[in-house]
Each structure stands twice: as structure tokens, then as C-alpha cells.
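Here the structure is laid out as C-alpha cells; the discussion comes afterwards.
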Amino acid sequence: MSYLTLTLALIFVLIPIILSKTLHLDLEKDTIIATVRSIIQLLVVGYVLQFVFASEEFIFIVLMIVLMIGAATQNARKKGASIRGITWKLIITFIFIEILTQAILLGFQITPPTAQYIIPISGMVVGNSMVLAILFLNRFTAEVEARQDETELILSLGGTPKQAIHTPLVTSIKASTIPTIESQKTIGLVQLPGMMSGQIIAGADPVQAVQFQLLVLFLLLTTAIVTSIFLGFLSYPALFNDKMQMMKIRNEK
């Protein structure tokens, strides 16, 4: 793809801007900002990855993963600002899921231990984990607020914090994982995944592309479930004090 054809692809940006302007949706500014940021960020990352892949230095791989986790944490923490210490809880969750997935991939030699594989897969894992964390925190804080009276009643009757928060916690975990599970049910029928489509467009054997895509799908399924459960069990104790009383949710600066 040349820069000319890429420029022509901006037509797909103009369409939502025109529609937003016409229907007074007030989305023009956000659309333009998102477009400019995506262009700058992806071009910079492209040149950085070119350097990292050529060098094959382990320290650069680690730095790229740290950057991913830092950006994901900064974005996701906004949805859980009312939970004490959510920033560190997110960092621990992202590090845990990254170590878990890479340990399986590299330990069983499913993928080679090279930057060309580790960095893109880590990006997919951390990115998906970030989205799941946002979905979970958004639903969890809403459930806790809506069921506060019920939670306090269980505590007053002698229930433990874990028992009191069980329903909001489980409901939030299920709700956050539904999109991942449902999308996998119709994969290949309703949509052709991006990684598979990209490989096919690049000229790869379709069957080989399917095999890599299945690897990613299985990987993201684990990412979704583990992220929601791990973050959930890290988060709920912050809602209670040492006397097992529910605390008022405060906004984290």
C-alpha cells in the first residue's frame, strides 16, 4: 500500500465526520483527534518495531511490553477510579496475564522466542486485557452502587465481605466476558478476524492463516476470563475496611 492509497483511505474518516456534523452528534472533534493520534502512534510504533526486530535485544522487548502495560493501565484506571489502589491492581493483572500467556507459548514452544512473535502477541494480550478490565470495572462499580443496600444487609446479618459482594462480582465477571465468548461462536461465519485477513491479503496460505488465528482466539479467551476473575478478586476487598464494613467509594486522584 502506497502513501497515496493510504491518503485516499481517509474517505472512511470523512464519512463519520460529515454524518456527525449533519446530525449534530458533536463527534467531529473526537473523531479527528482519534484519527491523528492513530496515525502518529502507529507510524512511530512501526519505525520502533523495525528497529527492535532488527536488533533482537531482549531489553527492547521488555521495554515495549512495559510501555504497553503502562498505556493500558492509564486508560483502564479511569473506569475504576472509585476503587482504592486500582492502578496497582491493574498493573498486577496485566503483568500476570502477560507472564501466564507467554509462559505457555514459549514453555511449550508454540511460538518462537523472538521479538517478531512476542511483541505482537503481547500487544493483543494486553490490549484485550485492557478492554476486558474496562468492561469489568464499568459493570462492577455500577453493580456495587445498585446493590449497596443488599450488600450491607448481608453484612449486618453476619455475612463475610466475600459473601456480600458475591452477586455483583459474579454478574460483572460474566457480563465482561460475554462479548469475547459470543464473538468466538460466530467467528468465520459473521466475520473474518483481522490477523487472518491480514495474512491472507499478504499472500499467506489460508489454512496457515486459520491456524495462527485459532491460536490468537484461544489466547484471547484465556485473557478474557483470567483478567475479569483476577481483577475482580483483587478489587472487591478494597470496598471493605478491617472491620468488614462496606466503605464509601471514593474517587482516586
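No hydrogens, no waters, no symmetry mates; every other heavy atom, side chains included, goes into these values.
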| Residues two or more places apart in sequence or in another chain: which of them pass ring-ring contact (aromatic ring centres under 6.0 Å, His included) with Phe96? | Phe230

| query | Roughly how far, to the nearest 0.5 Å, is CD1 of Ile134 from CG of Leu90? | reply | 9.0 Å

| Closest heavy-atom contact between Ile65 and Ser122? | CD1-OG, 3.7 Å

| How are the rings of Phe140 and Phe136 set to each other: parallel, tilted or perpendicular (split at 30° and 60°)? | parallel

| Nearest-0.5 Å distance, CG of residue Leu100 to OG1 of residue Thr223 | 8.0 Å

| task | Treat each ILVMFWY residue as a node, draw an edge where side-chain heavy atoms are under 4.5 Å apart, and state whether Val62 and Tyr117 are in one component. | result | no

| request: Locate the shortest heavy-atom distance separating Ile104 from Ile110; write the atom from each residue and the value. | output: O-CD1, 3.9 Å

| task | Would you confirm whether Lys89, through its side chain, and Ala238, through its main-chain N or O, come within 3.5 Å as a donor-acceptor pair? | result | no

| Atom OG in Ser129, atom CD1 in Ile95: separation rounded to 0.5 Å? | 11.0 Å

| query | Out of curiosity, Ile165 CD1 to Tyr236 OH, how far, rounded to the nearest 0.5 Å? | reply | 9.0 Å

| request: Could you list the residues that satisfy salt bridge (Lys or Arg N to Asp or Glu O under 4.0 Å) with Glu143, not counting sequence neighbours? | output: Arg139, Arg147

| remark: Note: Leu220 and Thr180 closest approach over all heavy atoms is O-CG2, 4.1 Å

| message | Quick check for you: to the nearest 0.5 Å, what is the distance between Ile83 atom CD1 and Lys79 atom NZ? | response | 12.5 Å

| query | Just by distance, do the side chain of Ser156 and the backbone of Leu153 share a donor-acceptor pair under 3.5 Å? | reply | yes

| Given the rule in the side chain to side chain contact (heavy atoms under 4.5 Å, CB included) test, do Thr111 and Leu215 qualify, once you have shown the distances and angles that lead to the verdict? | CA-CA 10 Å; Thr111 56; Leu215 167 63; 3.9 Å; yes

| request: Using a 4.5 Å cut-off on heavy atoms from C-beta on, say whether the side chain of Met124 contacts that of Leu219. | output: no

| Would you say Thr227's side chain and Ala224's backbone share a donor-acceptor pair under 3.5 angstrom? | no

| task | Kindly indicate, with the supporting measurements, whether the criterion side chain to side chain contact (heavy atoms under 4.5 Å, CB included) is fulfilled by Glu150 and Thr167. | result | CA-CA 10 Å; Glu150 176 185 327; Thr167 299; 4.3 Å; yes

| said: Just checking Gln109: does its CD atom have more than 12 heavy atoms from other residues, nucleotides or ligands closer to it than 6.0 angstrom? | reply: no

| task | Would you please indicate if the ring centroids of Phe51 and Phe60 are separated by under 6.0 Å? | result | yes

| Ile97 to Thr101 - nearest heavy-atom pair and separation | O-OG1, 2.9 Å

| Would Met130 end up clustered with Leu137 when hydrophobic side chains under 4.5 Å apart are linked, directly or stepwise? | yes

| task | Using the rule that two of Ile, Leu, Val, Met, Phe, Trp, Tyr join whenever any of their side-chain heavy atoms come within less than 4.5 Å, decide whether Leu4 and Ile39 are in one cluster. | result | no

| task | Taking atom CG of Asp26 as the centre, report whether more than 12 heavy atoms of other residues, nucleotides or ligands fall under 6.0 Å from it. | result | no

| request: Assess the side chains of Ser176 and Ser228: does a donor N or O sit below 3.5 Å from an acceptor N or O? | output: yes

| message | With side chain to side chain contact (heavy atoms under 4.5 Å, CB included) as the criterion, how do Gln102 and Ile121 come out once you've worked through the C-alpha distance, each side chain's angles and the decisive distance to 0.1 Å? | response | CA-CA 9 Å; Gln102 288 298 336; Ile121 291 176; 3.9 Å; yes

| query | Within a radius of less than 6.0 Å around CZ of Phe58, do more than 12 heavy atoms belonging to other residues, nucleotides or ligands occur? | reply | no

| note | To the nearest 0.5 Å, atom CZ of Phe240 lies from atom NZ of Lys162 at 12.5 Å

Can you give me every donor-acceptor pair (side chain of residues 12-25, partner residue at least two apart or in another chain, under 3.5 Å) with its distance?
unit_1, atom_1, unit_2, atom_2, d
Ser20, OG, Leu27, N, 2.8
Ser20, OG, Glu28, OE1, 3.2
Thr22, OG1, Ile18, O, 2.7

| Whether Gln208 side chain and Asp205 backbone form a donor-acceptor pair below 3.5 Å | no

| query | For the hydrophobic clusters of this structure (ILVMFWY residues joined by side-chain heavy atoms under 4.5 Å, transitively), does one cluster hold both Val170 and Phe233? | reply | no

| task | Identify whether Ile40 and Leu67 are in the same connected component of the hydrophobic contact network (ILVMFWY, side-chain heavy atoms under 4.5 Å). | result | no

| request: For residues Ile154 and Ala164, report the shortest heavy-atom separation together with the two atoms involved. | output: CG2-CA, 3.7 Å

| note | On a heavy-atom basis, the closest approach of Ile119 and Met64 is CD1-CG, 4.0 Å

